[in-house]
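Worksheet: one structure, shown below.
Order of the sequence lines fixes the chain letters, A, B, ..., with proteins taken first and strands second; residue numbering starts at 1 for each chain. As the structure is a computational prediction, the values presented were derived from the model and not from experiment.
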Number of protein chains: 2
Amino acid sequence: MSVTTESTENFTERARVYQTADGAMCPHRLVLEHVTSRWGVLVLIELLDGARRFSELRRAMGRVSEKMLAQTLQTLERDGFVHRDAHPVIPPRVDYSLTPLGREAADRVRDLAEWTYRSLGEVFEARERYDARREDSAAG
Amino acid sequence: MSVTTESTENFTERARVYQTADGAMCPHRLVLEHVTSRWGVLVLIELLDGARRFSELRRAMGRVSEKMLAQTLQTLERDGFVHRDAHPVIPPRVDYSLTPLGREAADRVRDLAEWTYRSLGEVFEARERYDARREDSAAG
DNA sequence: CAGTATCCTCATGGATACTG
DNA sequence: CAGTATCCATGAGGATACTG
């Protein structure tokens, strides 16, 4: 799986190009990165509870910058996971919601996130064991 | 969900500290990032097929750098997902395998990855529609 | 073989200011 | 309100050389 970057004419994103050792392309890895990205995960999970406006998402996610939220939403919209509904009113109002495809992705992402949450105790215990072992071998 | 970084004394990793808007900490987000990281995903999925040596993993994943593979393996080992079995022989031989906890994570990661792979067609169609819409509004 | 150590690039992503 | 544009810091991550 080698990785290079290439500029795409049409989109601002500089997309990674994934390849296996034998030269086969892996475009699905890129889609996977979109749904597992730092803010993508949170957007998908938040939208499972229903449509949200831009600023509602911002507040729900704490302090993501406008830039990153906009970028994340554009990527997810382009991939067909998120539907963008812009109302032609003043002040502007834009609602984001999951497409059926997006819901399938979000369900899986939420499953993984919830598993992670449930497993946190085990992970912390493992870390303590690991760090203790390291101290031992450092001291002894 | 605000994010800052903090140096951890014991580990080389500079860990992100996640917080929701109301100040609650989200350490599970960090664990989630480990299992969904670029190389973490590939390691977990590859190890679902059985134990692998360091260089076997490198080859299977194409061209990940030694540094990144080592870092990824250490993080996954510390979190308790990967078991490291170093044989005291010359030349050195180290086998990596999934722990029971790691297998649970890997199953979910593989599920998401395979779903992504199956959905690739739909994603590409969505991208074409998105790009076409963009061209229309640019031209018209 | 299985890693560390070091250096270095550049893309991620935050802060700020501005606009329809 | 819902973004875009711009600038900038920093850390992810690659290349290379070295070691037990």
- Against the side chain of A:Phe54, the closest entry in C:dT4, D:dC1, D:dA2 is D:dA2
Short N/O separations, protein against nucleotides 15-19 of chain D, under 3.5 angstrom:
none

- Task: On the 0 to 90° scale, with breaks at 30° and 60°, tag the A:Tyr117-B:His28 ring pair as parallel, tilted or perpendicular.
- Result: perpendicular
- From CZ (A:Arg134) to CZ (B:Arg78), nearest 0.5 Å: 9.5 Å
- Closer than 4.0 Å, any side-chain N/O of A:Arg53 to the OP1 or OP2 of D:dC1? no
- Note on the structure: The reported gap from CZ in B:Arg52 to CG in B:Leu57 (rounded to nearest 0.5 angstrom) is 7.5 Å
- Query: To the nearest 10 degrees, how far apart in direction are the end axes of the helix from C:dC1-D:dG20 to C:dG20-D:dC1, each fit to five base pairs?
  - Reply: 50°
- Task: Let me know, please, whether B:Pro92 or A:Asp95 comes out on the 5' side of the other along DNA chain D by nearest nucleotide.
- Result: A:Asp95
- Message: Taking only side-chain N and O atoms of B:Arg38, does any of them lie within less than 4.0 angstrom of OP1 or OP2 on D:dA12?
- Response: no
- Residue-phosphate contact under 4.0 Å: B:Gln74 side-chain N/O, C:dT4 OP1/OP2: yes
- Task: Salt-bridge test for B:Arg133 and B:Asp131: reply yes if a basic N is under 4.0 Å from a carboxylate O, no otherwise.
- Result: no
- Rounded distance (Å) that lies between atom P of D:dC1 and atom CG of A:Leu73: 16 Å
- Phosphate-side-chain proximity, A:Tyr96 and D:dG3, N/O vs OP1/OP2 below 4.0 Å: yes
- Quick one: do A:Arg108 and B:Asp111 make a salt bridge, cutoff under 4.0 Å? yes
